[in-house]
Amino acid sequence: MKSMPSDQTYRPVSFWLDTVPGSLAPTEVLPGDLSVDVAIAGAGLTGLWTAYYLATAQPGLRIAVCEAEIAGFGASGRNGGWCSALFPASLAKLTRMAGRDAAIAMYRAMQETVDEVGRVAAAENIDCHWAKGGTVVVARSAVQLERARAEVAEAREYGFGEDDLTLLTESEARARLGATGVLGGTFTPHCAAIHPARLVRGLAEAVRSRGVKVFDRTPVTQIAPGKLVTTRGTVTADYVIRATEGYTPALPGLHRAVIPVYSLMIATEPLPDAVWDTVGLAGRPTFSDGRHLLIYGQRTADGRFAFGGRGAPYHLGSAVRPSFEKVPGVFTALRKTLGELFPALGDVAVTHNWGGPLGIARDWCASAGLDRATGLGWAGGYVGDGLATTNLAGRTLADLILDKGSDLTRLPWVNHRSRPWETEPLRWLGINAGLHTMGWADRAEGRSGRPSRAAQVMGRFLGG
Ligand SMILES: Cc1cc2nc3c(=O)[nH]c(=O)nc-3n(C[C@H](O)[C@H](O)[C@H](O)COP(=O)(O)OP(=O)(O)OC[C@H]3O[C@@H](n4cnc5c(N)ncnc54)[C@H](O)[C@@H]3O)c2cc1C
């Protein structure tokens, strides 16, 4: 007989879940059929922020969240902990979609959202190790430096000033991040490093204390107007919200809505002060460099590196399986990259490795929306920028459900519809070719010192 999941079942899922206070044992499951006002599939940050703002705005509202495992089991309990103002669609792309003012409003809303997450965490006594130290992205080749300059120039064209994004000289960049080969970089103050599982688990508690029902171990098998069908009963509701992000393709009728792409991470043991003296990161800014195949890191509150990157393959048919979270080759490459960036690490041990799926829409643009005719709502497709964006999604969905026109409901991502992904095997071929091209382009740029044309072409094909 299969044993019931316990606290120990979920600890190995990520470094963050391993170190979060409180029990991870599943709590209440859906006891049978239920009728509520709002039913939400998925207890990640999207589902929980939506429940939080609804319950805060209208305390009597009956809200049920149905979660397949436990709150924070998905990307929300596994990510890099960058609570950033990054949005997956560029200013230029948002301008093409909705005009220049709308693009600027979207980016400003993201900046405010970072502070809103910090505000709620403080108000709800969620100790998520909040450190708003910004983000430093170092340029480690002439081509990366050129991209950094272009990024700052684009920000200026849209009216974003020095206090939004600064170009760093070599010595300024090195002072923030003591990595090898630094030629310059950029700095933005709009990011906090956090312990993401503390945030999502704390938020689940906060919504429960407001009367929201969060049902663990209650997988949804169908989302339809007026109802969430689960393995334990049907929840009927006026509004039904899909908050399943990278797991969405497994739901009937939604297999081409987003693709799950895996991002993988490692955490080191806590490092001695002598190492941090050479690495820097005082104030805990999050960090990256300018390569195409993204890497990202943070200095954790307990003095470790939590460091991640893309590069794990996309799986045919948008499959999501626990085995896909463990790719030894990617973990080895991440450890090697960390050592190349910071030789002072020496043979510091990696204590945790993990990964998880994030959702990508066909046009690389996240969206949040509600179809008033059917009562069906959704938010997702954040690529790897969902930690803060889920908060904006939650506030926006709450306004849409409560029919409150607001600055948030007028933002360009609201009710944006991305076209479906290609059918297989084209999807598999295209995405994996894209991932390979990015890695190859980084190596080619390192050798030639010129921007990779292939990466630009592939970037356009993928819609990024
Ligand atoms: C390794 C990694 C690193 C990342 N780093 C960052 C970062 O540093 N900064 C950043 O901004 N973003 C980052 N992201 C992305 C970010 O974590 C996500 O965008 C965000 O957490 C999405 O939240 P969500 O609630 O929409 O989805 P999730 O957190 O994935 O939640 C979806 C929930 O739905 C549940 N579920 C799925 N199917 C069903 C079903 N059928 N029935 C019921 N429940 C279901 C899942 O169990 C899960 O709990 C990262 C992602 C990963 C994987």
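Both ligands and their constituent atoms are indexed starting at 1 by order of listing.
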Dump the intermediate steps for side-chain contact (heavy atoms from CB on, under 4.5 Å) on L392 and L411, then the final yes or no.
CA-CA 10 Å; L392 187 61; L411 290 171; 4.2 Å; yes

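Under the 4.0 angstrom criterion for non-hydrogen atoms, G384 is in contact with ligand 1. Residue contacts with ligand 1 include A243, since one of its heavy atoms falls under 4.0 Å from the ligand. Using a non-hydrogen distance threshold of 4.0 Å, S84 does not register as a contact of ligand 1.
For G355, no nitrogen or oxygen atom sits less than 3.5 Å from a nitrogen or oxygen atom of ligand 1, counting backbone and side chain alike. The shortest N/O to N/O separation between L251 and ligand 1 does not fall below 3.5 Å. At under 3.5 Å, not a single nitrogen or oxygen of A43, backbone or side chain, sits near a nitrogen or oxygen of ligand 1. Note: an N/O pair closer than 3.5 Å links G80 and ligand 1 by distance alone. Residue L358 has no nitrogen or oxygen atom sitting less than 3.5 Å from a nitrogen or oxygen atom of ligand 1, judged on distance alone.
In T390, the part holding a heavy atom less than 4.0 Å from any atom of ligand 1 is the side chain. Of the heavy atoms in S76, both backbone and side-chain atoms come closer than 4.0 Å to ligand 1. Contacts between A250 and ligand 1 below 4.0 angstrom, taking non-hydrogen atoms only, are absent altogether. Within the 4.0 Å heavy-atom criterion, neither part of W354 lies near ligand 1. Only side-chain heavy atoms of Y382 come within less than 4.0 Å of ligand 1; its backbone N, CA, C and O stay farther off.
Nearest heavy-atom pair across N79 and W16 is O-NE1, 2.6 Å. Across every non-hydrogen atom of V36 and A64, the tightest pair is CG1-CB, 4.0 Å. When all heavy atoms of W378 and L370 are compared, the closest pair comes out as CZ3-N, 3.8 Å. Shortest non-hydrogen contact noted between V29 and R217 is CG1-CB, 3.9 Å. Shown here for G381 and P88, the closest heavy-atom pair between the two residues is O-CG, 4.1 Å.
Residues S406 and R395 bring no donor and acceptor atom of their side chains to less than 3.5 Å of each other. Side chain to side chain, Q111 and R108 meet the donor-acceptor criterion of an N or O pair below 3.5 Å. In this structure, a donor-acceptor pair under 3.5 Å is present between the side chains of T135 and T286. In this model, no donor atom of one side chain and acceptor atom of the other lie less than 3.5 Å apart for Y53 and D399.
Other residues, nucleotides and ligands place no more than 12 heavy atoms under 6.0 Å from the NZ atom of K227. Enclosure of atom CH2 in W428 is not indicated, since only 12 or fewer non-hydrogen atoms of other residues, nucleotides or ligands lie within 6.0 angstrom.
The CD1 atom of I266 sits 5.0 Å away from atom CG of L334, with the distance rounded to the nearest 0.5 Å. Between atom CZ of residue F342 and atom CZ of residue F287 there is a gap of 4.0 Å, rounded to the nearest 0.5 Å. A distance of 8.0 Å separates CD1 in I401 from CG in L61, rounded to the nearest 0.5 Å.
Note: H195 and H129 have perpendicular aromatic rings, judged against thresholds of 30 and 60 degrees for the angle between ring planes.
The single protein non-hydrogen atom nearest to atom 27 (O) of ligand 1 is E245 CB, 3.3 Å, given as residue, atom name and distance. The protein atom (non-hydrogen) at minimum distance from atom 26 (O) of ligand 1 is T46 OG1, 2.7 Å. Protein heavy atom at the shortest distance from atom 19 (O) of ligand 1 is G386 CA, 3.1 Å. Counting protein heavy atoms only, atom 39 (C) of ligand 1 is closest to T244 CG2, 3.7 Å. Scanning all protein heavy atoms for the shortest distance to atom 35 (C) of ligand 1 gives E67 OE1, 3.2 Å.
Residue contact check: D385 has heavy atoms under 4.0 Å from atoms 10 (C), 11 (O), 12 (N) of ligand 1. The atoms of ligand 1 that sit less than 4.0 Å from any heavy atom of S263 are 1 (C), 2 (C). Atom numbering of ligand 1 starts at 1 in the shown order; those under 4.0 Å from a heavy atom of G42 are 33 (C), 34 (O), 35 (C), 44 (N). When each atom of ligand 1 is checked for a heavy atom of R78 under 4.0 Å away, the hits are 1 (C). The P219 neighbourhood of ligand 1 comprises atoms 42 (N), with distances under 4.0 Å to a heavy atom of that residue. Atoms of ligand 1 lying under 4.0 Å from at least one heavy atom of L45, given by number and element, are 25 (O). Each of the following atoms of ligand 1 lies closer than 4.0 Å to a heavy atom of N79: 2 (C), 3 (C), 4 (C), 5 (N), 6 (C), 13 (C), 14 (N), 17 (O), 50 (C), 51 (C). Close contacts between ligand 1 and G81 involve ligand atoms 8 (O) [criterion: under 4.0 Å to a heavy atom].
Comparing F73, W82, Y247 by heavy-atom distance to atom 9 (N) of ligand 1, the nearest is W82.
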